[in-house]
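Note on naming: letters A, B, ... go to the chains in the order of the sequence lines (proteins, then strands), and numbering restarts at 1 for each one.
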Amino acid sequence: MRTEELLINMGPVHPSTHGVLRFKLTMDGEIIRKCDIVMGYLHRGTEKLGEMKTYLQFVPYTDRLDYISAFPNNYAYVKAVEELAGVEVPLRAEYIRVLTLELNRIVNHLVMLGSLLLDLGGSTMIMWGFRERENALQLFEMLCGARMTFNYIRPGGVREDLPEGFIPKLNEFIKDMENRIVDYEELISGNEIFIMRMKNIGVISAKDAINYGMTGPSLRGHGVNYDIRKIEPYSVYPDLDFRACVRNECDSFARYMVRIDEMRESLHILRQVVDAMPEGKPTSQAKYGIAPMTGAPTAVSTYFPRIFTPPPGEVYSRIEAPKGELGFYVVSDGTIKPYRIKIRSPSFCNLTAIPKMVEGLMIPDLIAAFGTIDVVLGDVDR
Amino acid sequence: MLFLAMWTGDIMFANAYDLIVYILNFIGIYEPINNIFETLGIEYVLRIIIVFVEIAVLMVFALLTIMFLTWMERKVVAIVQARYGPMVTGPRGLLQPVMDGVKLIGKEDIIPAKADRWIFTLAPFIIFIPALLIFIPLPFGESLIISDLKVGLLYIIAISAVSPIAILLAGWASNNKYSLMGAMRAVAQDISYTIPLALSALAIVLFTGSLSTVDIVSAQSATWFGFIPKWFIFLQPLGFLLFLIASIAEMGRIPFDFQESEQELVAGFFTEYSGMKFAMFFLAEYAHLFSVSAIVVTLFLGGWSFPFLNLLPSGLVPLVSFGIFLVKTYAIIFFAMWLRDTVPRVRIDQLMNLGWKIMIPLALLNLLATGFLLTAGVF
């Protein structure tokens with residue numbers, strides 16, 4: 001019998017592509033023979049926009065990259081700029097930053113778990129995840145007034161000090177979260193159907209994963225101990241006790257389990273940060289660079305100048321964002337604006353491994369594998 | 001007065017027709033009406049009218065049940081997911097289904113330009129009408145049955161086998177790849193799960209020696225030691241499990257909801273449907289949920305029977321047994337809804353493996369074992 005291959009366009013608007021992403025699938029019945037990824041539907045020219053803005057003005061744009069977890073974006077960019085300009089950051093600011101980063105990691109993984117289960121047809125996890133996410137977002141709101149686009153981490157420190165009553169509420173969240181993770185595991189991890197859908201699905205070897213440039217939890221599910229917090233420590237991470245969560249199975253289930261482990265580790269880090277939070281100012285007091293303040297100085301605690309000129313040079317700085325290695329390559333030509341910004345986003349590189357993962361599998365497996373890669377389209381198309 | 005008479009009287013009815021005649025008789029209007037028709041020589045018209053009344057009552061019951069089920073589903077999901085669910089329309093959102101109906105009627109009825117117009121329009125009816133027809137041989141309570149068919153069980157399985165045709169028609173006529181794939185999946189699933197369904201129902205028939213649903217229920221109304229009900233779930237635990245899984249697959253609910261599989265196929269075979277046509281698929285799904293649960297109850301959980309029911313005055317039994325039947329059916333429905341909120345969807349090939357490689361052999365084995373044990377006289 002002569003059969004024809006069927007071309008299916010999954011997306012750009014499809015319930016499980018998490019945004020505007022298009023899979024061009026060549027199907028042989030239910031089996032995917034070829035998978036092409038068409039990206040770029042959400043391209044906003046963020047990198048080019050960076051060249052038109054001063055260093056500080058670009059921070060809000062980073063919020064819009066990976067909008068699920070904006071603190072790491074803020075921080076990755078700010079870290080690059082600080083390295084470029086050689087800014088000394090107060091210890092309290094670094095602790096606050098790590099606090100937001102790890103809190104944001106939990107939020108990110110909650111959303112990831114929820115949408116993964118939603119893609120598999122389980123509708124409960126997303127509601128449970130969003131219940132706890134709401135508590136975390138309220139903490140973010142206390143910090144900076146915003147729930148998703150924070151613009152909180154600035155060159156020289158953070159925008160505001162921790163508000164009153166923040167730490168008790170955070171402690172409450174940590175305590176609550178510990179029990180909730182147990183709930184999630186009871187709901188998902190032992191579920192026969194979930195295991196059937198995830199085990200040995202979307203397998204690629206560790207070597208392939210590295211070659212495709214996968215990073216973060218998605219790579220650590222392949223037995224590669226690659227956590228930038230460990231191999232290239234930054235901020236106050238060297239002082240903190242935590243481990244990089246690694247699983248060896250190379251399949252979707254391993255990538256899922258890494259997320260669960262990471263949430264526990266993040267809680268562990270948060271507890272240490274709360275205990276070790278030093279006193280002091282949250283912003284660098286140093287007068288830096290030529291720094292002509294434009295306009296009248298305001299009462300905002302930003303002692304750090306709004307406009308400054310790093311010396312000419314270039315820097316690539318990377319952090320372990322919840323989705324993987326987030327790097328900012330910033331080139332300064334000695335003016336108040338960066339000459340070039342290049343963003344190495346984790347979602348983009350991780351996504352490119354999908355076709356290799358899913359060839360010979362079915363659409364439901366594609367969705368399962370795609371869910372464990374944890375992609376945000378704002379981060380893929382910059 | 002009527003209830004009082006039922007309380008004291010010692011009457012049995014064969015089916016709902018007799019019950020209506022009894023009630024009319026009690027009010028005292030059956031004789032005069034019957035006389036009028038007899039003098040005209042058309043007494044069969046009266047019989048037809050009474051049958052129509054039965055059908056009307058059944059339809060109203062079915063539609064109210066469907067509406068209630070849509071509300072109940074949302075509430076159950078909401079409770080599991082730590083939310084409130086519908087709260088605004090009516091007390092605790094009870095009128096939400098009415099609002100949904102009004103909204104769906106108000107929607108534009110779109111037929112895609114390249115769709116097959118006739119088949120596209122026909123498909124929702126073909127799926128909706130059998131969903132209601134299944135209610136006919138269901139024993140809702142003692143003597144509360146529209147028609148005690150001699151082939152009741154066969155009728156139920158045959159009627160529910162119509163829905164794959166409608167699904168295939170809908171998927172084909174939509175002229176949409178997702179619809180077609182959804183329809184193919186749904187049909188493959190329905191066919192492969194009807195087999196274990198029928199096989200495990202057949203094991204019941206070995207016990208009763210009759211396909212009539214009334215006989216099946218009355219075979220279960222006895223008790224062991226006077227208080228343990230002789231339900232077939234105790235004699236056929238494996239059969240019950242197989243039947244339950246297969247019927248959830250037949251309903252197309254979450255571990256097996258390939259007809260839709262929202263995240264993969266957008267909305268499966270009804271991707272292109274809107275307005276009332278969509279509503280008919282939706283309603284048929286819930287009618288199916290109720291009827292399949294009712295069949296599970298009838299076959300394995302003793303239907304409307306319950307220990308000590310015979311202690312009640314026999315006139316009251318229809319009402320009480322109806323209540324018992326509803327409680328049991330809603331227990332199964334609740335289980336299906338609960339399952340939906342807890343587990344993700346299996347994959348299509350895993351579903352087929354489960355159906356053909358596990359459930360059908362097990363169902364055959366169950367049938368064989370039951371046959372051996374029955375001939376050996378163990379039961």
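You'll find the side chain of B:T342 stays beyond 4.5 Å of the side chain of A:T124, heavy atoms only. Residues A:R131 and B:R83 are not in side-chain contact: their nearest non-hydrogen atoms beyond the backbone lie 4.5 Å or more apart. Residues A:R197 and B:P344 have side chains not in contact (no heavy-atom distance under 4.5 Å, counting atoms from C-beta outward).
Counting heavy atoms of neighbouring residues, nucleotides and ligands inside a 6.0 Å radius, atom CE of B:M99 does not exceed 12 of them. The number of heavy-atom neighbours closer than 6.0 Å to CE of B:M184, taken from other residues, nucleotides and ligands shown, is 12 or below. Annotation for A:K34: atom NZ does not count as buried by contact number, only 12 or fewer foreign heavy atoms lying within 6.0 Å. For B:F128, the CZ atom sits in a packed shell: over 12 heavy atoms of surrounding residues, nucleotides or ligands are nearer than 6.0 Å. Counting heavy atoms of neighbouring residues, nucleotides and ligands inside a 6.0 Å radius, atom CZ of A:R33 exceeds 12 of them. Few gaps surround CH2 on B:W71; more than 12 heavy atoms of other groups in view lie less than 6.0 Å from it.
Atom CG of A:L117 sits about 11.5 Å away from atom CZ of B:R345, to the nearest 0.5 Å. Distance check: B:L339 CG to A:I193 CD1 gives 7.0 Å after rounding to the nearest 0.5 Å. The line from CG of B:D349 to CG of A:D365 is 7.0 Å long, rounded to the nearest 0.5 Å. The CZ atom of B:R347 sits 12.0 Å away from the CD1 atom of A:I367 when rounded to the nearest 0.5 Å. Taken to the nearest 0.5 Å, the CG atom of B:D341 stands 14.5 Å off from the CE atom of A:M125.
By the side chain to side chain donor-acceptor pair (under 3.5 Å) test, B:T89 is found to be paired with B:Q96, residues two or more places apart in sequence or in another chain being considered.
Contact of A:I195 with chain B is not made at all, since no heavy-atom distance falls under 4.5 Å. If you measure heavy-atom distances from A:L366 to chain B, you find no contacts under 4.5 Å at all.
Between A:S123 and B:Q81, the closest heavy-atom pair is O-NE2, 2.9 Å. Minimum interatomic distance between A:M196 and B:Q350 (heavy atoms only, all atoms of both residues): O-NE2, 2.9 Å.
The backbone N or O of B:V80 sits less than 3.5 Å from a side-chain atom of A:W128, completing a donor-acceptor pair.
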